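Each remark here refers to the structure printed beneath this line.
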Protein chains: 2
Amino acid sequence: MRHLKTLQCIADVAASGSIRQSAARLGITPSALTRKIQDFESELGTPIFERMPQGMRLNAAGELVLRHIHAQLADFERLRSQLADLSGVRRGHVTIAASQAFAHGLIPQEIATYRAQHPLVSFSVLVRDHIHAVSAVAGFEADVALVIAPPPAPEFQPLLILHQPLCALMSKDHPLAAAATIRLRECLQYPIAMPGPTLAIRHLLQAALVRLGLPVHTVVESDSFEVLRSYASGENIISFQIRAGVPQVSGNLVAREIDQRDLPPTQLVLGQLRGRSLSVAASKFVDQISSSLHSRYGDGRTG
Amino acid sequence: MRHLKTLQCIADVAASGSIRQSAARLGITPSALTRKIQDFESELGTPIFERMPQGMRLNAAGELVLRHIHAQLADFERLRSQLADLSGVRRGHVTIAASQAFAHGLIPQEIATYRAQHPLVSFSVLVRDHIHAVSAVAGFEADVALVIAPPPAPEFQPLLILHQPLCALMSKDHPLAAAATIRLRECLQYPIAMPGPTLAIRHLLQAALVRLGLPVHTVVESDSFEVLRSYASGENIISFQIRAGVPQVSGNLVAREIDQRDLPPTQLVLGQLRGRSLSVAASKFVDQISSSLHSRYGDGRTG
DNA sequence: CCATAGTGTTGATCAAATTGCAACACGCCG
DNA sequence: CGGCGTGTTGCAATTTGATCAACACTATGG
């Protein structure tokens, strides 16, 4: 788009920190690029980059400008999506940042459902921990984020909040698989495949385990739910996962909820950047995933 | 601003409905303007104007585009305001749409207070009834609106809501001026200067009067509070005004609250367009007027 | 029913802004 | 020092944009 070209150039230079590098990526010469930036700065009346021997870096004014540019580009994307919807076909691109817990089951399934109706909409999925998922939303890298226990941040606006119990994952022959819900202390009688410290549920577990004061027999610790799952399905080992993160088709794997006296329900939040209006495609995807989660899990809150 | 020029052209043509007219106002030739629009439309892949013998009119897609353009321009204005604030001086322009009730006392006084601290900020005041004030905000004509009993509209986001009693206006020698609060039926013993049907408080009064079922001795009806005030201060006539609309220095005019059993408190709402972020200048003005109203009147709600 | 005045559009011409190329100035590092 | 990295500038080629005049069309009034 013609009138956004300069803005995109600035955003690219801000990201790469180098005029020559951005020039190559944008398919123009460094001189044209440097002039674009100079013209923009002179129109604005303020420099927005610090020129350093190592390259370009945004100054304070530039940070404001970059936020504005990202907002402009996002809003234009939303316009395109609206126009496409007007003519009957929904097209566009949706970027969702999600906790790893949902990367296998929930997200791909929701995307598949959505794309069955609107095949012209494409998706990007960023797997990030709760902190970085929220930053991705704040930095216009992602349209929405689906995370467990997000840090409170004023710019992150929740669109849906569910309270979910934690589940113990085990093979379906496991002695504990008979009960509907189990106590955390029962789990500790068996070897544990422990989520790594970058996973949000690790902190929740940690707190509960300390409260219990019992020894934990950790046989493996991993940042990958895939690894944890494979252990839990193979041996007599127990692992953990939030309920919405449990795959619906799970082979010989079963999930049993942990009694809420041991582990209070955890917030599962779908949210966006406050004050931003989403594209039609993203907005409708949010609607779908909201109603899907809501009908499947209701509001798991009990206390 | 270079990259916004085309957008401004489109907005102007949409407003004027004529290429030649806009061309003259923008200082370019009609041919250049028609080409700008054609280029934009071809980049977008959709026409945004209907070409009629009488001129240009936005089509459905154009309406979306225009909204986007207004949002872009407003957001750029906000950026400029932020940049100015960064360098220590606050500058910018604030447009406020207000009910006529506040056009004399409250608004000019608040603007004067603000401009005493920030003389580089300029103001526009649009006097509109509650319906049109909300539309002005929705159509990006005004940054904020201060209105009585605004119609419920999803795009209008309240920032401050006060519940205000209606007051009877009379000269300070008036027989009723002795009491602190008065009953509506007492007022009807005297001639009334009645607010015109375009004023929001007319509807409130009307409902209460019908409920009372007493004859009303209307000597004059006017859409101008200035006219009503002059009658109320001159003869034994009574007029009405919401409390925050009563001028603080009022000559020989006094205001007495109507008993809330007769007339429930009215909503006084300061609001903006939902999802829009205001310029620093406008945002700080909202802060000032909010705290000023809040400290002066608290929340007048009682029931 | 034609003349008129209004609309937007188009082709050719020309000026102005943008770009590319090559050279330059500066800082860094071995 | 010499090589490599950065951003910047002068000048020429190119592209973009604006102008002017003519055109096609429609509504309106005599």
Side-chain angles (χ1 to χ4, degrees), chain A residues 1-66 69 72-73 76, chain B residues 1-66 69 72-73 76:
Chain A
M1 212 56 200
R2 182 161 268 342
H3 72 281
L4 294 174
K5 221 172 48 181
T6 303
L7 302 187
Q8 285 172 322
C9 288
I10 292 174
D12 197 292
V13 170
S16 75
S18 156
I19 283 198
R20 295 183 119 92
Q21 198 172 321
S22 283
R25 181 163 15 168
L26 298 168
I28 57 177
T29 56
S31 66
L33 189 47
T34 196
R35 266 183 250 266
K36 265 186 199 293
I37 293 176
Q38 284 169 341
D39 289 353
F40 186 85
E41 286 177 329
S42 86
E43 283 188 17
L44 210 60
T46 318
I48 60 172
F49 281 104
E50 291 177 25
R51 272 75 170 173
M52 337 229 320
Q54 299 84 359
M56 313 278 278
R57 210 177 57 189
L58 288 172
N59 64 20
E63 297 285 352
L64 293 175
V65 171
L66 184 64
I69 290 176
Q72 299 262 62
L73 296 176
F76 185 74
Chain B
M1 213 56 200
R2 172 157 231 62
H3 72 281
L4 296 174
K5 222 171 47 182
T6 303
L7 302 187
Q8 286 171 323
C9 288
I10 292 174
D12 197 292
V13 171
S16 76
S18 157
I19 283 198
R20 297 184 118 92
Q21 199 171 321
S22 283
R25 185 166 9 174
L26 298 167
I28 58 177
T29 55
S31 65
L33 189 47
T34 198
R35 265 181 247 268
K36 265 187 198 295
I37 293 177
Q38 284 170 340
D39 290 352
F40 186 84
E41 285 177 328
S42 87
E43 283 187 18
L44 209 60
T46 318
I48 60 171
F49 281 103
E50 290 177 25
R51 272 75 170 173
M52 336 231 319
Q54 299 85 356
M56 311 279 278
R57 211 179 56 189
L58 288 172
N59 64 19
E63 299 283 353
L64 293 175
V65 171
L66 184 64
I69 290 177
Q72 299 261 60
L73 296 177
F76 186 74

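Lettering of chains follows the sequences in order, A, B, ..., and the numbering in each one begins at 1. Here the structure is a predicted model, which means the values were calculated and not measured. Atoms considered below: every heavy atom in the structure, side chains included; atoms not considered: hydrogens, waters and symmetry mates.
For B/Glu50, the salt bridge (charged side-chain N to carboxylate O under 4.0 Å, His left out) partners at least two apart in sequence or on another chain are B/Arg57. By the side-chain contact (heavy atoms from CB on, under 4.5 Å) test, A/Glu63 is found to be paired with A/Leu58, residues two or more places apart in sequence or in another chain being considered. When the salt bridge (charged side-chain N to carboxylate O under 4.0 Å, His left out) test is applied to B/Arg51, the partners found at least two apart in sequence or on another chain are B/Glu41. Residues satisfying the side chain to side chain donor-acceptor pair (under 3.5 Å) test with A/Thr46, not counting sequence neighbours, are none. Residues forming a side chain to side chain donor-acceptor pair (under 3.5 Å) with A/Ser31 (at least two apart in sequence, or on another chain): A/Thr29.
Each of A/Pro53 and B/Leu33 lies near DNA chain D, and the nucleotide nearest A/Pro53 is the one positioned closer to the 5' end.
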Any protein N or O atoms within reach of nucleotides 7-10 of chain D? Criterion: under 3.5 Å, listing atom names and distances.
unit_1 : atom_1 : unit_2  : atom_2 : d
D/dG7  : OP1    : A/Ile19 : N      : 2.6
D/dG7  : OP2    : A/Arg20 : N      : 3.4
D/dG7  : N7     : A/Arg20 : NH1    : 2.4
D/dG7  : O6     : A/Arg20 : NH1    : 3.4
D/dT8  : OP1    : A/Arg51 : NE     : 2.7
D/dT8  : OP1    : A/Arg51 : NH2    : 3.3
D/dT8  : OP2    : A/Thr34 : OG1    : 2.1
D/dT9  : OP2    : A/Gln38 : NE2    : 3.0
D/dG10 : O6     : A/Arg35 : NH2    : 2.8

Protein-nucleic acid N or O pairs under 3.5 Å, nucleotides 12-17 of chain D:
none

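Listed by first and then second residue, the ring pair (Phe, Tyr, Trp, His ring centres under 6.0 Å) pairs that reach into residues 2-42 of chain B are B/His3-B/Phe76, sequence neighbours excluded. Judged as a side-chain hydrogen bond (donor to acceptor under 3.5 Å, both in side chains), the pairs with a partner in residues 5-16 of chain A (not counting sequence neighbours) are, in order, A/Asp12-A/Ser22, A/Asp12-A/Arg25, A/Ser16-A/Ser22.
Atom CD in A/Glu50 sits roughly 16 Å away from atom P in C/dG27 (whole-Å rounding). Note: CZ (B/Phe49) to P (C/dT9) measures 10 Å, nearest angstrom.
When heavy atoms are screened at a 4.0 angstrom cut-off, A/Ala32 is found touching the sugar-phosphate backbone but no base atom.
Contact between A/Ile10 and A/Ile48 at its shortest, heavy atoms only, is CG2-CD1, 3.9 Å.
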